[in-house]
2 protein chains.
Amino acid sequence: MAHRPPPPPARPRRRPPRPPGKPPSGRSRDTEEAFLAGYDLAAFPRPSVTVDVVLLTVDRTVPTSAPRLHAVAYERTEHPDRHKHALPGGFVRLDESLDQAAARILRDKAGLEGLFVEQLYTFGAPQRDPRGRVLTVAYYALVGPERLADLALRSSARVHLVDVPWAGETGGPVDLLAGPGEPLPLAFDHADILGMAVKRLRGKLDYTPVGFQLLPAEFTLRALQDVHEAVRGETVNKDSFRRRMLAGGMLEATGEREPATYHRPAELYRFVKRSSV
Amino acid sequence: MAHRPPPPPARPRRRPPRPPGKPPSGRSRDTEEAFLAGYDLAAFPRPSVTVDVVLLTVDRTVPTSAPRLHAVAYERTEHPDRHKHALPGGFVRLDESLDQAAARILRDKAGLEGLFVEQLYTFGAPQRDPRGRVLTVAYYALVGPERLADLALRSSARVHLVDVPWAGETGGPVDLLAGPGEPLPLAFDHADILGMAVKRLRGKLDYTPVGFQLLPAEFTLRALQDVHEAVRGETVNKDSFRRRMLAGGMLEATGEREPATYHRPAELYRFVKRSSV
DNA sequence: GTGCCATATATACATCATGCATATATGCTG
DNA sequence: CAGCATATATGCATGATGTATATATGGCAC
């Protein structure tokens, strides 16, 4: 996510601070070192900073109902907002990047590595956490159904349906559902974060290959369409969808066919990085 | 930008901290207050947090050359990266939201209020600032040419051309130009921030009415096309552009015409919020 | 094995957006 | 008044998309 490799450490040696007022001319290494040694970042008040991750998946295991978008939430055991559900998150360490913090949280709290992870938005309303000023840099991550099944087995995580009540792109707050029609209140401003994650995913679906992150390595065109419909919250035209996907140059036929179906089995495809453009 | 009004202050009164380990059962107001009073956010290390703003405009005052995208940068007078140019920015205060901090910086450093402002991305590489761990929540803002002229007159700001060397959407770092072909090095990771701002603006141009933020209240279709071309860095088909804009339902003809032109004057339009959808 | 079923896959056609070309309109300049 | 540069309008070819129809294929009931 960072666009440049971090510069070399260049940790300045300690020097006695130089009195301000007359900035020394020239740009020699010494004067910059002296400036940095005398600089006190703690003079400005600092907020706490956390990273929260919206972990999304599409459940296609229930063949009877339309596939739905899911998010992972954990019940809080501590105040504030005790017993409400919260996104996995944690404080940012001073020696890690924000991306690394998001990856660490996914690893520690969900046991997942190597997922598609992208920064979403930073939430910083002054009163969003009653413990004090806490900013959160929100991320979202996508995981295929086969790896999420691991999570449900392994951890005590409560995996909950995301039922998105808006078909448009307004991007308002979204609460989870504990069951059909049973809202699950989210802690803090996590409903805002979840809503923005769904909005972002919807916006990226048509223009980036992000949909494949929600599928196993090989999949049918119907499965890909299910994912798109679950994310968008509405059905799409089947023929147009097939043509568009096949014309996009991002799919490669495996030559194999879907196993064990009730009906004619569909061909399996895999995602390939687009060659052109 | 916040999706919910902030909750009421609910500042807990001070109480003696409660020993941890046995969390009190129940959810009464007292036990939550006690928990909050005993909670020490400072136990976790905190980074410094700044807000930097990419202030963009399109200069159409030079009729001979193609309009260009501009950004506002100030020469640094202090270490580190002294004499390099930096985006306007400042530390976030603990009693203001991030959006408010961005608005304050625009007001204090550029004397501008009421602009289109949107959060962009949060940059947090551990070594991005040699003074210590400093995150920056980057914003971008758009301003029309008539208000930017004020800025150039009023302040000592150095307004510089953004010459975007990539026509695609890769979103890599972008340096400013002091003149034609004369690169202007940016401080810290501000070239990354600028590159992401241009990328975001390009992505939003076709799907949101963001282009109008770079024009005065009344404008010709040609001026709107100039803005789009400056942002995209490439020319667009004139007829298609006109049809698309007029069909979008976001333009309203004023009935008046462009004053004082060399040639046939074009009709002036104004932006209206789209009625449908 | 035969026929039915549900879905995949292929083909054809209407519709719409867009790129491109051409024609006309208009205000200024000399 | 003629010419110029641009705006504005119209027509047509092309490609993408929505819709409909026809054919293919594997499992299942019998």
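Here is the naming used below: chain letters follow the sequence lines, and residue numbers restart at 1 for every chain. Just so you know, these numbers use all the heavy atoms, side chains as well, and skip hydrogens, waters and symmetry mates.
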TODO: Measure up the B:F212 and B:F271 rings against each other and bin them: parallel (under 30°), tilted (30 to 60°), perpendicular (over 60°).
DONE: parallel

Task: Side-chain N or O of B:R242 closer than 4.0 Å to phosphate OP1/OP2 of D:dT8 - done: yes

TODO: Indicate, with a heavy-atom threshold strictly under 4.0 Å, whether B:E258 touches base, sugar-phosphate, or nothing.
DONE: nothing

Task: Whole-Å gap separating C1' (C:dA6) and NE2 (A:H263) - done: 7 Å

- [ ] Send over the distance from A:Q225 CD to D:dT17 P, rounded to a whole Å.
- [x] 14 Å

TODO: Respond yes when some side-chain nitrogen or oxygen of B:K238 is under 4.0 Å from OP1 or OP2 of D:dA7, and no when none is.
DONE: yes

- [ ] Decide if the gap between the ring center of B:F241 and the ring center of B:H228 is smaller than 6.0 angstrom.
- [x] yes

TODO: Start with the C-alpha distance between A:Y269 and A:E218, add both sets of side-chain angles, then the distance that settles side-chain hydrogen bond (donor to acceptor under 3.5 Å, both in side chains), and finish with yes or no.
DONE: CA-CA 5 Å; A:Y269 290 82; A:E218 301 192 348; over 6 Å; no

Open item on the list: Which nucleotide wins on minimum distance to the side chain of B:A266, given the candidates D:dT17, D:dA7, D:dG26?
Closed with: D:dA7

Task: Value in whole Å for how far the P atom of D:dT6 lies from CG of B:L221 - done: 16 Å

Open item on the list: Let's test your reading of the model: under 3.5 Å, does the base of D:dA24 pair with the side chain of A:R264 as donor and acceptor?
Closed with: yes

TODO: Figure out the CG/P separation between A:L268 and C:dA8, and round it to whole Å.
DONE: 12 Å

Task: Whole-Å gap separating P (D:dT8) and CG (B:L251) - done: 12 Å

- [ ] Give the nucleotide from the list C:dT18, C:dA21, D:dA7 with an atom nearest to the side chain of B:D239.
- [x] C:dA21

Task: Nucleotide of D:dT8, C:dT18, D:dT17 approaching A:S240 most closely (side-chain heavy atoms) - done: D:dT17

TODO: Counting heavy atoms from C-beta on, name the nucleotide in C:dT29, D:dT8, D:dG18 closest to the side chain of A:N237.
DONE: D:dG18

- [ ] Measure from CE on B:M245 to P on C:dT18 and round the result to the nearest Å.
- [x] 10 Å

Open item on the list: Are the side chains of A:D226 and A:E229 in contact, using a 4.5 Å heavy-atom criterion?
Closed with: yes

- [ ] Verify the ring-centre separation between A:F116 and A:Y139: is it less than 6.0 angstrom?
- [x] no

Task: Whole-Å distance separating the CG atom of B:D206 from the P atom of C:dT18 - done: 10 Å

Open item on the list: If I take atom CD in residue B:E267 and atom P in nucleotide D:dA7, what distance separates them, rounded to the nearest angstrom?
Closed with: 13 Å

Task: A:R257 or B:T220, whichever maps to the more 5' nucleotide of DNA chain D - done: B:T220

TODO: Return yes if the base of D:dG18 and the side-chain atoms of A:R243 contain a donor-acceptor N/O pair under 3.5 Å, otherwise no.
DONE: yes

